[in-house]
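Before any comments, here is the structure.
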Amino acid sequence: MLKRFSISIEENLLDIFDEHIQERQYNNRSEAIRDLIRKAFTKKEWEADKEVMGVINLVYDHHQHQLQEKVTEIQHDFHGLIVSTTHVHMDHHNCLEVIIVKGKAKEVQELSDLLLAQRGVRDGNLAMSTTGKFLH
Ligand code: NI
């Protein structure tokens with residue numbers, strides 16, 4: 001059920017917000033505000049070490065000595081967290097690995113940190129998302 005409420009806000013802050021919602025292609029302020037609230041609560045879930053979902057992206061050179069083995073070994077050590085892994089051979093050197101993870105926030109963060117710290121990993125990040133349970 002939708003509830004309505006009104007917000008008091010400084011004009012310049014509202015201008016910045018309206019620019020933001022235009023850039024992000026929101027149809028209206030309400031959906032943009034709902035997203036900000038959901039994002040804040042997703043962040044809180046991670047900070048409170050709740051059960052979360054995330055996506056780890058890694059770009060690495062598979063010619064780097066034993067890196068491929070190491071990346072696989074680490075994932076086996078954390079197998080309970082891993083929902084799915086997709087490997088893309090991007091070119092002669094570079095691989096992209098996309099790992100979908102689910103579990104306690106701190107463990108997911110630890111797995112991500114460990115993978116990103118490996119020598120030969122050229123780029124990577126952890127997209128922090130939610131199981132969506134708190135939204136029900
Ligand atoms: Ni590859």
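Just so you know, these numbers come straight off a predicted model, no measurement behind them. Order of appearance sets the numbers: ligands from 1, and atoms from 1 within every ligand.
The minimum heavy-atom distance between Val52 and Lys104, with the atom names listed, is CG2-C, 4.5 Å.
Listed by first then second residue, pairs satisfying side-chain hydrogen bond (donor to acceptor under 3.5 Å, both in side chains) with a partner in residues 7-23 read Asp18-Arg29, not counting sequence neighbours. Within the structure, ring-ring contact (aromatic ring centres under 6.0 Å, His included) pairs that include any residue of residues 90-124 comprise His63-His92, His63-His93 (at least two apart or interchain).
Here the side chains of Met53 and Ile100 are in contact, with some heavy-atom distance below 4.5 Å. The side-chain heavy atoms of Asp123 and Tyr60, taken from C-beta on, include no pair separated by under 4.5 Å.
Around the Ni ion (ligand 1), the protein atoms of type N, O or S that sit closer than 2.8 Å are His87 NE2, His89 ND1, Cys95 SG.
Residues satisfying the ring pair (Phe, Tyr, Trp, His ring centres under 6.0 Å) criterion with His89, sequence neighbours excluded, are His87.
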